[in-house]
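Remarks on the structure that follows.
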Amino acid sequence: MTITIDHLVKTFGTASALNGVSLEIPDKSFVALLGPSGSGKTTLLRIIAGLETADSGYVLFGGEDVTDRPVQRRNIGFVFQHYALFRHMTVAQNIAFGLTVMKRRERPSKDAIAARVDELLALVQLPGLGGRFPSQLSGGQRQRVALARALAREPAILLLDEPFGALDTKVRRELRGALREIHDRVGLTSIFVTHDREEAFALADTVAILSNGRIEQFAAPREIEQAPASEFVRDFVI
Amino acid sequence: MATASALPAPGGAGRRKPIFRRRVAMPGLGLTLGVTLLWLGLLVLLPIAAVIVRSLGLGPAHFAEVALSARALAAYRLSFGAALAAAAINGVFGLLIAWVLVRYDFPGKRLAGALVDLPFALPTAVAGIALTAIYANTGIVGGPLGKIGITLAYNPAGVVLALIFIGLPFVVRTVEPVLADLGQDIEEAAATLGASRLIVFRRVLLPEILPALLTGFALAFARGVGEYGSVIFIAGNMPFRSEIAPLLIVTQLEQFDYEGATAIAAVMLVVSFAMLAVINLIQARERTWRNGG
Amino acid sequence: MKSATTEARGIRALLIGLALVWLALIILLPLLAVFAQAFDKGFATFWAAIVEPDALAAIRLTLLTAIIVVPLNCVFGMCAAWAISKHDFRGRDLLTTLIDLPFSVSPVVAGLMFVLLFGANGWFGPWLIAHGVRIMFAVPAIVIATAFVTFPYVARELIPLMSAQGKAEEEAALTLGAGFFQTFWHVTLPNIRWGLLYGVLLTNARAMGEFGAVSVVSGHIRGLTDTMPLHVEVLYNEYNFVGAFAVASLLAALALVTLAAKALLEWRHRDSIAASGH
Ligand SMILES: Nc1ncnc2c1ncn2[C@@H]1O[C@H](COP(=O)(O)OP(=O)(O)OP(=O)(O)O)[C@@H](O)[C@H]1O
Ligand SMILES: [Mg+2]
């Protein structure tokens with residue numbers, strides 16, 4: 001699903017986080033939001049998700065204005081940096097959550113939910129771990145569960161806020177590959193926040209570079225390397 | 001690859017200007033804040049307003065006459081004096097108990113820790129008759145004390161005793177976590193500098209726990225000033241001598257003297273709010289001081 | 001061995017001894033006295049004082065009051081805690097302070113407030129009398145006064161707890177399509193259940209034991225508007241000490257159960273109960 005971001009402005013009190021951000025993200029693309037700490041990456045992602053509201057500007061999904069649509073009805077999947085798994089639920093219950101809270105008329109049957117959970121566990125390569133609690137998993141496993149949970153309702157859009165930020169390098173590499181594969185297999189449109197240049201360039205089709213709440217450049221990794229749009233991008237990327 | 005170049009102007013074709021923009025994503029604010037404000041307004045603010053408005057309606061001269069009558073002044077003196085004395089005694093023994101519970105191991109420590117909370121859970125009337133049973137001159141402590149000429153029950157000392165019971169957990173429970181948080185390193189540092197134990201306590205530990213101790217003291221005092229149930233059984237309740245301010249309110253209500261009762265209640269309310277402000281101030285000071293250090 | 005940061009053995013023993021003696025004198029002895037006096041004339045006398053009709057009526061009224069007040073303040077406390085800990089709005093700190101107000105109001109003054117509202121000369125008194133609604137010196141006033149004094153307990157317990165837990169899990173639930181009630185029921189409530197139980201226990205103990213505020217508004221009609229603490233007072237003032245202490249011992253037992261449950265909660269679920277003084 002295409003995502004159109006149109007002149008988003010957001011201030012917190014007196015501090016401005018986004019100063020008129022516009023982006024056109026094509027269907028099925030994998031975009032990295034790259035920028036230094038405090039540049040507004042999380043804020044932008046949360047506004048796209050509907051977890052935060054912009055002061056002005058618009059968000060469109062597939063050409064449709066969703067700016068005032070509540071987060072529950074945006075059909076997005078969101079992966080948090082610190083997993084945000086439900087501590088008191090098992091892995092299976094975590095993954096099934098999005099399905100179990102659906103309206104009775106739309107909700108799949110118990111068996112169908114169980115089958116979907118197994119399918120997702122296989123997709124994130126954690127078969128058989130459905131009965132564990134989040135506290136019994138490693139960080140990498142937790143993030144895989146969070147990913148499976150976000151995919152359960154078959155969202156068209158997947159948003160990830162530094163999903164590997166709390167993990168060590170080896171696990172990051174593994175998960176990175178897995179994420180890209182899932183993105184291609186499921187046919188998602190994904191936006192993924194990072195402040196790791198190498199990660200962004202290795203993984204994304206397109207990279208958006210943010211600085212002080214502005215998009216400095218939005219282009220393919222190769223293009224950014226060859227023709228940095230500004231002094232800032234040159235310094236930041238090289 | 002697509003770029004961010006060809007975008008229509010904001011608010012362009014196909015996009016209506018939203019009339020209402022949702023300000024928060026987290027749901028439930030309207031409902032929960034509504035319930036909170038309704039319940040708070042009806043149950044707490046409206047009744048408090050009633051006391052204030054009714055006492056203002058008395059007019060300054062009449063208000064002063066009933067709120068500051070000789071009997072009322074004696075009652076304030078007792079309520080505030082006894083609460084102050086009890087809070088001071090609780091400051092000392094509360095600190096001692098908190099210290100012992102945090103620093104030492106001894107058999108029955110768990111039980112002792114649990115007992116400290118009893119005044120929070122025991123109904124005040126039960127506390128009142130129980131204290132009287134022990135400390136009246138027929139009781140097992142009051143009897144021997146009476147023989148050596150000390151009477152606690154049925155006079156102002158009884159009021160202080162009841163307020164010590166009521167206030168003790170406030171001091172222990174505010175000081176305890178601060179003592180527990182206090183690392184041994186600063187004490188060790190002081191000790192390596194050759195300071196004796198007593199000096200370490202006075203110069204290093206006491207300043208650290210003083211804000212908490214003050215907070216506990218203020219909480220115990222504030223609670224003591226308004227206390228009724230535990231006091232009236234042991235106090236003797238003689239006007240001008242052992243009659244606390246809340247009891248005077250009750251007495252006046254029983255005599256249908258609503259003006260007198262309201263005026264005294266207004267004085268006590270104002271004092272309570274002042275105490276609340278002081279406690280908040282101490283705690284705010286303590287926070288900035290801790291963050292700064 | 002004498003370490004640099006602890007006291008000599010003798011001093012330590014002295015301090016422990018002093019603390020324990022003080023605790024015994026101030027807290028343990030009065031507690032024991034309640035039960036000793038209650039059973040002073042044997043179990044039969046104790047039992048007779050409990051099953052006597054006025055005592056039973058008092059017990060019923062106390063339970064009724066608690067059954068009405070505890071759920072109400074529980075719902076209020078959860079609402080207040082949700083609004084204050086999961087949202088940001090102007091006046092939030094002020095609201096938090098206002099919620100604590102009933103703690104600093106003398107119970108007698110609290111009772112008086114409701115006399116000024118609902119009494120014959122009160123703001124709403126004449127209207128209520130004209131319409132035949134009885135609040136003062138009847139069960140409604142007892143319930144309202146009890147609700148006032150127990151107002152802050154649940155909110156006080158939940159606000160620091162829910163603030164410390166943050167919003168991440170709730171936000172995750174929202175992105176998964178859950179609405180407000182689903183998020184609260186499936187995500188927030190399981191995380192705060194022990195803290196909530198703790199707040200409910202304290203509310204209940206105070207609701208059943210409240211004396212001053214209820215004493216002012218109840219009218220002391222024996223067998224009708226006397227709660228257990230008021231019944232204790234009546235019996236005590238009639239020099240029926242065994243009866244007074246018998247009913248008092250039930251309240252003391254309730255206090256002990258509350259404390260035991262609290263200790264158990266602190267021991268088993270330390271992490272899920274905020275370290276808030278009381
Ligand atoms: N809830 C908030 N309240 C106040 N200021 C905020 C809030 N959230 C973000 N900000 C401010 O907005 C700006 C952008 O923050 P944001 O979290 O979007 O940055 P980021 O690019 O995600 O940084 P990081 O890489 O550190 O996560 C920062 O200056 C931050 O201080
Ligand atoms: Mg961020």
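Just so it is clear: chains get the letters A, B, ... in the order the sequence lines come, proteins before strands, and each one is counted from 1.
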Establish, from distance only, whether the side-chain atoms of C/Asp100 and C/Thr97 form a donor-acceptor pair under 3.5 Å. no

Among residues 125-157 of chain A, residues within the sub-4.5 Å heavy-atom range of chain C, in order of number, are A/Arg149, A/Ala150, A/Arg153

Going by heavy atoms in the side chains, are A/Val91 and A/Asn94 under 4.5 Å from each other?
no

Looking only at the side chains, is there a donor atom on one of C/Asn73 and C/Thr150 sitting less than 3.5 Å from an acceptor on the other?
yes

- Task: Could you tell me whether C/Phe103 and C/Phe151 have their ring centroids closer than 6.0 angstrom?
- Result: no

So, the part of A/Leu159 with a heavy atom under 4.5 Å from chain C: the answer is neither

Interface check, chain C: of A/Gln93, A/Arg46, A/Arg73, most non-hydrogen pairs under 4.5 Å belong to A/Arg46

When the 4.5 angstrom heavy-atom criterion is applied to A/Phe86 and chain C, the contacting part is both

Checked C/Leu174, C/Leu176, C/Thr183 vs chain A; the most non-hydrogen pairs under 4.5 Å come from C/Leu176

Query raised in the report: How far apart are the C-alpha atoms of A/Asp65 and A/Thr67, what are their side-chain angles, what is the distance that settles it, and do they pass the side chain to side chain donor-acceptor pair (under 3.5 Å) test?
Result: CA-CA 6 Å; A/Asp65 187 353; A/Thr67 314; 2.5 Å; yes

*asked:* Is there a side-chain contact between C/Val154 and C/Phe76 in this structure, where contact means two heavy atoms from C-beta onward sitting under 4.5 Å apart?
replied: no

Side chain to side chain donor-acceptor pair (under 3.5 Å) pairs touching residues 179-189 of chain A, sequence neighbours excluded, are A/Asp27-A/Thr189, A/Arg180-A/Asp184, A/Arg180-A/Asp205, A/Glu181-A/Arg185, A/His183-A/Ser190

* To do: Specify whether A/Phe192 and A/Phe164 have parallel, tilted or perpendicular ring planes, treating 30° as the upper limit for parallel and 60° as the lower limit for perpendicular.
  => tilted

